[in-house]
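Nothing here was measured: the structure is a model prediction, and the numbers come from that model. When reading the values below, keep in mind they use all heavy atoms of this one structure, side chains included, and skip hydrogens, waters and symmetry mates. Note that ligands are numbered from 1 as they come in the structure, with each ligand's atoms numbered from 1 the same way.
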Amino acid sequence: MATAIAEGAKSISNVEVELDYHVDAEELGKFDAVLVGAPTYHHDMPMDTKKLFEEAAEKGINLKGKIAAAFGSYGWSGEAPKLVIEIMKNKFEMQVAEPPLLARDVPDQNMLSTCRNLGKRVAESLIHAA
Ligand SMILES: Cc1cc2nc3c(=O)[nH]c(=O)nc-3n(C[C@H](O)[C@H](O)[C@H](O)COP(=O)(O)O)c2cc1C
């Protein structure tokens, strides 16, 4: 899903895309848009994702107004991306593209195409805002 989103974003010229498995809280501030992949484990987001946002809050990283989105695969309940979005909106006042993208088990071609579209949409909005 992340790769497909990155592909979509890269299809827009003058947009730089960084696809990271892990980022430090301080690094979040350097991006114009932050799209977070979060699979659901035990009805929650992964511990690393939670820690990232907790650390960003503790360190006072300003993410206000940055474009954001969340996505992830899941097995049966899929809470993680919705929880990520709540934090992005309510804690960091990010400008969130909703709804989150959820793929049951493995994303099919349809979902991958939706992911590409999300990446493209976000990249286009950055270009228009520049
Ligand atoms: C220990 C464990 C707990 C899980 N808990 C949930 C859950 O609470 N809700 C859910 O929708 N899926 C749950 N899943 C399924 C995963 O979300 C699903 O397999 C997802 O595709 C994993 O993504 P990943 O391979 O990127 O980590 C769980 C899977 C495991 C192994």
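Considering only non-hydrogen protein atoms, atom 11 (O) of ligand 1 sits nearest to Ser77 N, 2.6 Å. The nearest heavy-atom contact from the protein to atom 6 (C) of ligand 1 is Trp76 CZ2, 3.2 Å. Ranking protein heavy atoms by distance to atom 13 (C) of ligand 1, first place goes to Thr40 O, 3.1 Å. Closest to atom 31 (C) of ligand 1 among all protein heavy atoms lies Tyr41 CE2, 3.7 Å. In this structure, atom 8 (O) of ligand 1 lies nearest to the protein heavy atom His43 N, 2.7 Å.
Across every non-hydrogen atom of Ile85 and Glu98, the tightest pair is CG2-OE1, 3.8 Å. Nearest heavy atom pair, residue Gly29 against residue Lys66, reads O-NZ, 2.9 Å. Taking both residues in full, the closest heavy atoms of Ala4 and Arg116 are given as O-CG, 3.2 Å, listed atom of the first, atom of the second, then distance. For the pair Pro81 and Gly78, the tightest heavy-atom approach, listed with the atom from each and the gap, is CD-O, 3.7 Å.
Between Phe53 and Met88, some side-chain heavy-atom pair lies under the 4.5 Å cut-off. Asp20 has its side chain within reach of Phe31: a pair of non-hydrogen atoms, C-beta onward, lies under 4.5 Å apart.
Those atoms of ligand 1 that come under 4.0 Å of a heavy atom in His42, given as number and element, are 1 (C), 3 (C), 4 (C), 5 (N), 6 (C), 7 (C), 8 (O). With ligand atoms numbered from 1 in the order given, ligand 1 contributes 10 (C), 11 (O), 12 (N), 15 (C), 16 (C), 17 (O), 18 (C) to contacts under 4.0 Å with heavy atoms of Gly75. Listed by number with element, the atoms of ligand 1 under 4.0 angstrom from any heavy atom of Gly78 are 10 (C), 11 (O). Of all atoms in ligand 1, numbered sequentially from 1 with element shown, those under 4.0 Å from a heavy atom of Ser73 are 17 (O), 20 (C), 21 (O), 22 (C), 23 (O).
Counting heavy atoms closer than 4.0 Å to ligand 1, residue Asp105 contributes backbone atoms (N, CA, C, O) but none from C-beta onward.
Atom NZ of Lys30 has more than 12 neighbouring heavy atoms from other residues, nucleotides or ligands inside a 6.0 Å radius.
Side-chain atoms of Glu27 come within 3.5 Å of backbone atoms of Asp24 as a donor-acceptor pair (strictly under, hydrogens ignored). Formation of a donor-acceptor pair under 3.5 Å by the Ser73 side chain with backbone atoms of Arg104 is not found in this model.
For Pro39, no nitrogen or oxygen atom sits less than 3.5 Å from a nitrogen or oxygen atom of ligand 1, counting backbone and side chain alike. The N/O atoms of Glu79, backbone and side chain alike, include none that comes under 3.5 Å of an N/O atom in ligand 1.
The presence of a protein heavy atom under 4.0 Å from atom 19 (O) of ligand 1 is ruled out.
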